[in-house]
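What's counted below: heavy atoms across the whole structure, side chains too, no hydrogens, waters or symmetry copies. When a ligand or atom number is given, it counts from 1 through the structure's own listing order.
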Amino acid sequence: MYVLGVETSCDETSVSIVKDGKDVLSNVVLSQIDIHKEYGGVVPEIASREHVKGITYVFDKAMNDAGLRYEDIDLIAVTKGPGLIGSLLIGVNAAKVISLSFNIPIIGIHHIAGHIYANHIDNGMEFPLLALVVSGGHTELILMKEHYDFNKLGETQDDAVGEAYDKIARVLGLPYPGGPIVDKKAAHGKDNLHFPRPMIDSGDFNFSFSGLKSHVINVHHNMKQRQEEINVEDFCASFQEAVTDVLVAKTIMAKEKFKVKQIIVAGGVAANSGLRSKMKESIQDIPVYFPKMAYCTDNAAMIAAAGYFQYIRNNKKADDLMLNGQSRLNLEG
Ligand code: KG4
Ligand code: ZN
């Protein structure tokens, strides 16, 4: 089954064709990072306009790269939410045009289901499994007992991990998006600033990162006022160690409680080298999978992979053309 995926929920315009939820025939990602970098973060109005400019080219290239015609496509899967509403609407409407023109069934996908299914592309899924979702907008632990069955165990009470990375980077004078750069600098620094590990002993599966973020910003501010030398690498290493300690501790707690067979990590922060190594070092009794780097941050291959499983799980029931973007959307349905 050839599934055409479409993703435009934030600042990446992406179209992909994936066969049977696994074989990626094409995955075109047009990133707007260089445009938003100038403003230190994503500007929603600019993001929508850039999606409009790029979407036709991205569809054409994805079809050409896969060597297919629209007549060959069995299903269209498009991110319907959550995300920036103006951005979502561009992808949803483009997908609806192709659906209507070529009479192809269409379904709307939850963006986080896509991040989770990014793991299906290169790794298998064995249930029950535990998914740690860490992105710019989400930090959640999700238990899956079978395909397309999501049970949220806990989530951040305030900032998402990626968001905290981006804000810390800004204070340290590093460009947007902060995650990859803080990660690189952390590799050359020392965990010597003794930052707190928020909620590590809370006994539940929730997270909180805004207090840690404020703490880091205050320490930085105070050192600056005292004209002390600031070692950016040490700030990055200390922040990254604090964050990854909490993420790994909660994941281990959930793994033990629910006796899962595998752990998958999903979302942009799954690209983090500190998280990758700490998770693999700390959990050795069951497999821990991360998507390939290209499938960690936003892409349409993950949406096509999720679409295949959602369609099967719903007995091939398609959406109709009333399908629309939704800025807020619950994963559990
Ligand atoms: O999943 P994603 O592309 O978009 C959302 O759905 O939010 O995630 C983007 C987030 C950004 O906050 C970015 O800073 C973060 O993922 N990120 C990283 C790394 N690469 C991307 N955070 C930490 N370490 C990285 N290597
Ligand atoms: Zn995402």
Next on the checklist: Only heavy atoms of T297, strictly under 4.0 Å: list the atoms of ligand 1 that pass.
Outcome noted: 3 (O)
Next on the checklist: Around atom CG of N218, are there more than 12 heavy atoms from other residues, nucleotides or ligands closer than 6.0 Å?
Outcome noted: yes
Checklist outcome for this item: among protein heavy atoms, the one nearest atom 18 (C) of ligand 1 is G179 CA, 3.5 Å
Checklist entry - Could an N or O of ligand 1 be found under 3.5 Å from any N or O of G268, whether backbone or side chain? => result yes
Checklist entry - Got the closest protein heavy atom to atom 26 (N) of ligand 1, with its distance? => result D183 OD2, 3.0 Å
Item to check | Numbering as shown, the atoms of ligand 1 that approach G162 to under 4.0 Å (heavy-atom distance) | outcome: 12 (O)
Checklist outcome for this item: min-distance protein heavy atom vs atom 24 (N) of ligand 1 -> N272 ND2, 2.9 Å
Next on the checklist: I need the NE2(H115)-the Zn ion (ligand 2)-NE2(H111) angle, rounded to 10 degrees.
Outcome noted: 90°
Checklist entry - Are the aromatic rings of H120 and F309 close, with centres under 6.0 Å apart? => result yes
Item to check | Nearest-neighbour protein heavy atom for atom 2 (P) of ligand 1, which is reported as residue plus atom name and distance | outcome: D298 OD1, 3.4 Å
Checklist entry - Quick one: does G137 get within less than 4.0 Å of ligand 1, heavy atoms only? => result yes
Checklist entry - Among side-chain atoms of Y165 and N272, is any donor-acceptor pair under 3.5 angstrom? => result yes
Checklist entry - Purely on distance, is any nitrogen or oxygen of D166 under 3.5 Å from one on ligand 1? => result yes
Checklist outcome for this item: Quick look: H138 vs ligand 1, heavy-atom contacts under 4.0 Å, and the answer is neither
Next on the checklist: Restricting to N, O or S atoms, which atom of D298 is closest to the Zn ion (ligand 2)?
Outcome noted: OD1
Next on the checklist: So that I can check it, does any N, O or S atom in H138 come closer than 2.8 Å to the Zn ion (ligand 2)?
Outcome noted: no
Checklist entry - In this structure, are over 12 heavy atoms from other groups packed under 6.0 Å from E228 atom CD? => result yes
Next on the checklist: If you count every heavy atom of other residues, nucleotides or ligands that lies below 6.0 Å from F127 atom CZ, does the total exceed 12?
Outcome noted: yes
Item to check | Working for side chain to side chain donor-acceptor pair (under 3.5 Å), residues N299 and S14 | outcome: CA-CA 6 Å; N299 66 87; S14 182; 5.8 Å; no
Next on the checklist: For a quick check under 3.5 Å, do D158 and S208 share a side-chain donor-acceptor pair by atom type?
Outcome noted: yes
Checklist entry - Any side-chain donor-acceptor pair under 3.5 Å between D298 and H115? => result yes
Item to check | atom 7 (O) of ligand 1: nearest protein contact (heavy atom, Å) | outcome: G136 N, 2.8 Å
Next on the checklist: What I want to check is whether the side chains of S202 and K250 have a donor and an acceptor closer together than 3.5 Å.
Outcome noted: yes
Checklist entry - With distance as the sole criterion, is a donor-acceptor pair present between the side chains of D183 and Q240 under 3.5 Å? => result yes
Item to check | C10 backbone or side-chain N/O/S under 2.8 Å from the Zn ion (ligand 2) | outcome: no
Checklist entry - Hey, does S273 come in under 3.5 Å of ligand 1, counting only N/O atoms on both sides? => result no
Checklist entry - Should we count NZ of K278 as having more than 12 external heavy atoms under 6.0 Å? => result yes
Next on the checklist: Could you identify the single nearest non-hydrogen protein atom to atom 15 (C) of ligand 1 and state the distance to 0.1 Å?
Outcome noted: V269 CG2, 4.0 Å
Item to check | Under 4.0 Å to a heavy atom of H115 - the qualifying atoms of ligand 1, by number | outcome: 1 (O), 6 (O)
Checklist entry - What orientation do Y70 and F59 show, parallel under 30°, tilted 30 to 60°, or perpendicular over 60°? => result tilted
Next on the checklist: Quick check on H111 - does any of its heavy atoms sit under 4.0 Å from an atom of ligand 1?
Outcome noted: yes
